[in-house]
Amino acid sequence: MASSKSLAARVEALRRELHEHLYRYHVLSAPTISDLEYDALFKELQALEAEHPELRTPDSPTVRVGGTISEKFEKVRHPGPILSLSNCFDADDVRAWFERIRKLDPRVAEAAFVVEPKIDGLTVVLHYRDGVFVQGATRGDGEIGEDITPNLRTLRKLPLRLRGADEGSGKGRRRAAAAAPPPVLVVRGEAVIYTTDFERFNQAQIAKNGRTFANPRNTASGALRNLDTTLTAAVPISLLCYQVVAAEGLTPGTQWETLTYLRDFGFPVSDVARRFTALEDAITYCQSFADKRDSLPFEIDGMVIKLDDLRLQTDLGFVGKDPRGATAFKFPAREVTTQLVDVTVDVGRTGKITPTAVLEPVEVGGVTVRNATLHNFDYIRDNDIRLGDRVLLKRSGDVIPYVIGPVLEARTGGEKKIKPPKTCPSCGEPVQQAEGEVDVFCVNSACPAQLNRVVEYFGAVLDIEGFGEKIAHASVEQGKVRDVADVFTLSKEALLDLPGFADKKADKLLAAIQAAKTRPLGRLLAALGIRGIGFVAANDLAAHFGSFDALGAADAETLQQVDGIGPSASAAVVEWFAEKRNRAVLDKLRVAGVWPTAAPKVASTAAGPFTGQTFVITGTLPTLGRDEAKEYIEARGGKVTDSVSKKTSYLVLGESPGSKLAKAQSLGVTILDEAALRTLGG
Ligand code: IVH
């Protein structure tokens, strides 16, 4: 057995090594070992500490797993006021701010500026003694906050021991290469959940039937105030630091140096901060982020412009709680509150029943919003959203507006619970919710609402001009189309019965339908809307099997020989062809002469700028059609798939994108438009 001395040395060495790797990973974004190797070191330390509790220290990386349960949070007085910021909403506001302070102090005229993102998170105040994290607090009222030290210890990005601090104690003590931190250091930062971490966290919650969370900010705030820190540790909270609140000893005289100073001690610092000598350049930099805000890994509600000279900042003093020497350049709000007037229920192509909020019209980010998604009925229940509630609404980037949750303070008592429907609002058949699924489905394949959507989708995928939502629905509702095959046998008389149709319009649509009869097999297959079979899978299946007959005869195993067809897609194809109604559709298509076959696929062996890259296409591109875009990418060595995953290299974005965009954004996949695709393709 190892001597206690060498054990202590091993524990200390492990801690030092883990701290170094955490710094490399979280601050430098340049890890030198794999996650697996890290885990092995971590487990070794955990095991040694479990066997020898006397070797545990509060700055050990193992405290990050949580496990502390507090009764309540103690109050902490901050060493100095934790100030707020004044707001500017455009360039002129910023110029006016500058003029005001220039008149107060002539030194301002020569001042430089630092521009930083205004992180939409939760302010935390972090105390270090001799380089060791000893206490952390919330902002509270700016003077007194709450002691959330055990919660903060679980944050992977929070340095528990600063770089340059003395390692261990007693013999074998050594000083690291970096400058030593001052004996007392109090730093301010923002705890925030990165957008992709948040999406992943919610996905994982869904997978284990847990509740999902509405937005990163509230989730971070709740988790940091949880009395059981095991629950805090489960939430992927990040941290970005930007200010020295107090210190014993010398600290930097400028904001720009502060950022480097903090980074050198191992604090995570934003890498988009910039220094400017001209105010106009600082303004331009702020404005450039108004459009780019979604490209940052976390949510921001603006940028902060600070005088670089901290002495000057202090001398300028403050107005109320706002320092004069800094200001926020706010972006248009993406979250507003409005009244939830009603909830409508929609039946999709696959029978999925989705609730939509009908809202008191409200402007968010320059657009008037009347409806917003409520996702599903589990979401409504989990977030306790009620009819008549004042709700918080969010519209960001290209994401469909959604209701975050109720404003509880605005409740009057007259709000009504929203119950999921027991029957389909269209056909009246009982609905089903599968075990562990959040969505409710109408499983009646003859449901008129579903047929509306199925026919609409068929027309859209086959690109039948003039056969949009309205006409598709009208032809179903008038009984002229009972399944998708009927679209091809619509007569002129039938069309003339539809609202708004006269001779010329009917002829035009008939010609468009006629033209759609010659669409290739892959396209027709995609138009049938088989679950999990998108454009790419449909094309691959068409190329592999060459005809509906061959495809319909294939069993699941044979289908899975096609690259990209997995167990669920193959099962869906087999099921579709086994269904009598669908067989009848195929028979009608054959009789109508819509029976394309495909030439066997020539394996693409092209090598080029896209070799090794995987693309997903969503929406309508300005010039390239779907098949053309696919050809373009494949000719340059790239691969095109239907769904966005971690393996996706690029999302090619066209107009009216689908849900793939949100997925790609959540995974941090690079998004290209057609022009960028062509630039990359050479
Ligand atoms: S500086 C004197 N910098 O925004 C220093 N604040 O609306 C005043 N915030 O309460 C704050 N990112 O929590 C500063 N880069 C940043 C920030 C930032 C986010 C928050 C901070 C503050 C609020 C003011």
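Note that these values count all heavy atoms, side chains included, but never hydrogens, waters or copies made by symmetry. Whatever order the structure lists ligands and atoms in, that order sets their numbers, starting from 1.
The minimum heavy-atom distance linking G131 with P181 is given by the pair CA-CG, 3.7 Å.
Under the 3.5 Å distance criterion, with hydrogens and angles disregarded, no donor-acceptor pair is assigned to the side chains of D322 and S86. Counting only N and O atoms by type, the side chains of E190 and Y242 include a donor and acceptor under 3.5 Å apart. Counted by atom type alone, T57 and R15 present one or more donor-acceptor pairs between their side chains at under 3.5 Å. Side-chain contact check for E257 and T260: no donor-acceptor pair (N or O, by modelled atom type) lies under 3.5 Å. Counted by atom type alone, R225 and S221 present one or more donor-acceptor pairs between their side chains at under 3.5 Å.
In this structure, A326 does not count as a contact residue of ligand 1, since none of its heavy atoms falls inside 4.0 Å of the ligand. Using 4.0 Å as the threshold, P117 has a heavy atom nearer than that to some atom of ligand 1.
Contact atoms of ligand 1 toward P323: 2 (C) (distance under 4.0 Å to a heavy atom of the residue). Close approach of ligand 1 to S84 (heavy-atom distance below 4.0 Å) involves ligand atoms 8 (C), 24 (C). Atom numbering of ligand 1 starts at 1 in the shown order; those under 4.0 Å from a heavy atom of T123 are 10 (O), 13 (O), 21 (C).
Contacts between Q313 and ligand 1, counted as non-hydrogen atom pairs separated by less than 4.0 Å, are absent for every part of the residue. Of the heavy atoms in V304, only side-chain atoms (C-beta onward) come closer than 4.0 Å to ligand 1. The side chain of E116, and not its backbone, has at least one atom closer than 4.0 Å to an atom of ligand 1 (non-hydrogen atoms only; side chain from C-beta on).
Taking the six-membered ring where tryptophan is involved, the planes of H21 and Y38 are perpendicular, since the angle between them exceeds 60° and thus also 30°. Ring-plane geometry between F267 and Y128 is classed as perpendicular, the angle between the planes exceeding 60 degrees on a 0 to 90 degree scale with a lower cut at 30.
Of all the listed residues (R188, R139, E190, K321), E190 holds the heavy atom that lies closest to atom 20 (C) of ligand 1.
Note on K394 versus E299: salt bridge recorded, some NZ/NE/NH1/NH2 to OD/OE distance being below 4.0 Å.
What sits closest to atom 4 (O) of ligand 1 on the protein, heavy atoms only, is K118 NZ, 3.0 Å. Regarding atom 12 (N) of ligand 1, its nearest protein heavy-atom neighbour is I119 N, 3.0 Å. Of all protein heavy atoms, the one lying nearest to atom 14 (C) of ligand 1 is Y242 CE1, 3.3 Å. For atom 3 (N) of ligand 1, the nearest non-hydrogen atom of the protein is K306 NZ, 2.9 Å.
Checked by distance only, ligand 1 and Q243 stay at 3.5 Å or farther apart across all their nitrogen or oxygen atoms.
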